[in-house]
Amino acid sequence: MTTTLSERVSQSAFDGYMLRVVLLMDLHEGTQKQFFEAYEKLRHDIASVPGHISDQLCQSFENPSQWLITSEWESAPQYLAWVNSEHHAEQVKPLGACARAMRPLKFTVLRETGRGYDQAARPARARLQPVPRLGAGIVRHALTFTVKPGSEKKVAELLSSYASPAARVDEHTRLRRTTLFMHGNRVVRTVEVEGDLMAALRHVSEQPEVRAVEEAINPYLEKDRNLNDPESARLFFMRAALPAVHHIAAGETDGDADVTRHALFYPAKPGCGQALARFLARQDEEAAHRPDSPVRSSSIFQRDDTVVRLIDVRGPVRAEPDTILGVRGPRKAAVFGRLTDEAGARAHAAQHTMELITDRRAPAQS
């Protein structure tokens with residue numbers, strides 16, 4: 001059975017389909033009124049954000065401490081541009097101060113039923129996803145932060161020395177792979193999780209050996225953080241989040257000794273991060289048409305003007321440098337140059353390739 005290109009793309013923020021965002025919140029006792037007032041101030045600001053359609057605030061009738069915020073967006077890029085902004089981080093501080101726990105979930109919308117849905121009232125650009133995506137049940141996420149110049153070697157030593165936490169988180173969640181890279185003084189940690197991403201991240205952060213490493217690198221961070229202060233930790237991880245915006249797999253790679261993992265860092269021109277991520281996604285989709293392409297899978301992570309592309313490559317990584325960089329084909333290097341402020345003639349994969357610090361896979365399940 002032939003796998004179509006659409007089946008190979010298990011995640012994409014660039015397909016233009018309507019997005020439903022759900023935020024589950026468990027509040028500290030006695031903060032319900034404070035939370036409601038903070039939301040009342042925030043909702044008018046959200047209404048003016050480009051791409052926002054509507055939102056609802058709900059309170060559990062069983063437990064007054066549990067709240068739910070849902071919102072509709074014309075497309076994922078518009079939501080991501082807002083939620084990943086520094087303005088958003090400041091906007092939601094009053095809400096975060098009331099919350100014991102928050103769990104955001106993002107869904108594209110496929111079908112609607114009932115008289116309550118007025119499609120005619122929505123913008124014409126708000127399209128439903130026509131068919132379900134296929135995938136292997138893997139959630140991908142990344143964190144990025146910078147360390148003080150001159151501390152890179154020490155930070156690399158610390159980040160490569162910790163003991164791996166147990167892969168099994170709970171009955172339904174398992175850590176599949178954690179990979180750490182550096183590019184200059186920038187650190188990028190990518191994770192692959194089977195099951196609940198938030199449960200896996202919480203599981204990792206609670207491990208003593210991981211906490212010890214995080215505390216050890218604190219003095220070297222360019223931006224201070226205090227992991228013992230819940231609000232400081234929440235803001236740090238919010239700002240460090242590097243969401244996955246696109247994933248495509250050309251074929252199976254697990255267990256293939258000839259496939260190696262690499263990451264490329266792309267600093268975009270101001271305001272061009274999303275366009276650059278979209279450009280790279282199209283390049284990877286074109287490469288997936290070629291059975292002989294060395295790129296067997298690609299995950300693109302993007303926040304503002306920081307773009308990271310995680311690729312699994314079969315064979316020598318220098319065999320097709322243009323495919324590795326994502327500029328194969330006529331005029332592609334010129335487009336890349338306009339988005340990165342880098343002339344096509346000077347675009348080389350080597351200068352974008354990040355240094356691998358550690359790559360840890362969970363043992364196969366018996």
Side-chain angles (χ1 to χ4, degrees), residues 11-25 27 34-59 67-99 102-110 112 116-129 141-142 144 197-198 231 234-246 268-279 281 300-307 339:
Q11 178 183 3
S12 182
F14 307 123
D15 48 22
Y17 302 133
M18 191 167 67
L19 192 72
R20 165 80 67 175
V21 181
V22 178
L23 181 62
L24 303 172
M25 306 187 71
L27 304 188
Q34 177 185 341
F35 174 81
F36 180 73
E37 291 173 350
Y39 175 81
E40 281 292 290
K41 293 178 181 178
L42 177 62
R43 69 185 181 95
H44 297 292
D45 291 337
I46 298 175
S48 64
V49 175
H52 176 269
I53 299 173
S54 65
D55 60 79
Q56 290 182 325
L57 175 67
C58 310
Q59 184 180 23
W67 293 68
L68 171 71
I69 299 175
T70 69
S71 59
E72 281 187 336
W73 298 78
E74 291 178 21
S75 66
Q78 294 165 312
Y79 167 74
L80 292 172
W82 172 69
V83 79
N84 291 331
S85 68
E86 188 61 30
H87 180 56
H88 168 263
E90 293 299 321
Q91 280 182 311
V92 300
K93 270 185 179 180
L95 299 183
C98 301
M102 293 193 293
R103 185 185 180 194
L105 301 168
K106 298 175 281 292
F107 303 86
T108 49
V109 183
L110 282 84
E112 293 181 324
Y117 298 104
D118 185 3
Q119 185 66 37
R122 290 193 180 121
R125 295 182 297 275
R127 299 184 295 121
L128 300 184
Q129 182 178 320
H141 188 64
T144 185
L197 173 66
M198 298 305 294
E231 182 64 9
R234 187 185 69 81
L235 287 173
F236 172 81
F237 288 111
M238 178 188 294
R239 290 171 171 139
L242 195 60
V245 294
H246 192 270
K269 271 185 180 178
C272 292
Q274 198 172 96
L276 177 58
R278 189 190 300 266
F279 167 80
I300 297 172
F301 303 88
Q302 180 251 327
R303 181 191 180 94
D304 298 332
D305 296 324
T306 297
V307 181
L339 295 172

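The shortest heavy-atom contact between H44 and E40 is CD2-O, 3.2 Å. The heavy-atom pair separating A47 from H52 by the smallest distance is CA-ND1, 3.7 Å. Between Q11 and A244, the shortest heavy-atom distance links the atoms NE2-O, 2.8 Å. Among all heavy-atom pairs drawn from V307 and G273, the shortest one is CG2-O, 3.6 Å. Here the closest heavy-atom approach between residue H141 and residue P243 is recorded as ND1-CA, 4.4 Å. In plain terms, the two heavy atoms of V22 and F107 that are nearest each other are CG2-CE1, 4.2 Å.
Residues Q59 and F36 fail the side-chain proximity criterion, which asks for heavy atoms closer than 4.5 Å. I53 is listed as a side-chain neighbour of M18, based on a closest heavy-atom distance under 4.5 Å. Counting only heavy atoms from C-beta outward, the side chains of Y17 and V109 never approach each other to under 4.5 Å.
Of the possible donor and acceptor atoms, none in the side chain of Q274 sits under 3.5 Å from a partner among the backbone N and O of A81. Between the side chain of E90 and the backbone N or O of V92 there is no donor-acceptor pair closer than 3.5 Å. Formation of a donor-acceptor pair under 3.5 Å by the Q302 side chain with backbone atoms of V245 is not found in this model.
Rounded to the nearest 0.5 Å, atoms OG (S54) and CZ (R20) are 6.0 Å apart. Distance check: L24 CG to M102 CE gives 11.0 Å after rounding to the nearest 0.5 Å. Between atom CG of residue L57 and atom CG of residue L42 there is a gap of 10.5 Å, rounded to the nearest 0.5 Å. Atom CZ of R278 is separated from atom CZ of F14 by 6.0 Å, given to the nearest 0.5 angstrom. Taken to the nearest 0.5 Å, the NZ atom of K93 stands 13.0 Å off from the CG atom of L95. Taking CG from D305 and CG from L339, the interatomic distance works out to 10.5 Å, rounded to the nearest 0.5 Å.
Ion pairing between R303 and E86 fails under the 4.0 Å rule for side-chain N and carboxylate O.
Relative ring orientation between W82 and H88 is described as perpendicular, the plane-to-plane angle rising above 60° on a 0-90° scale split at 30° and 60°.
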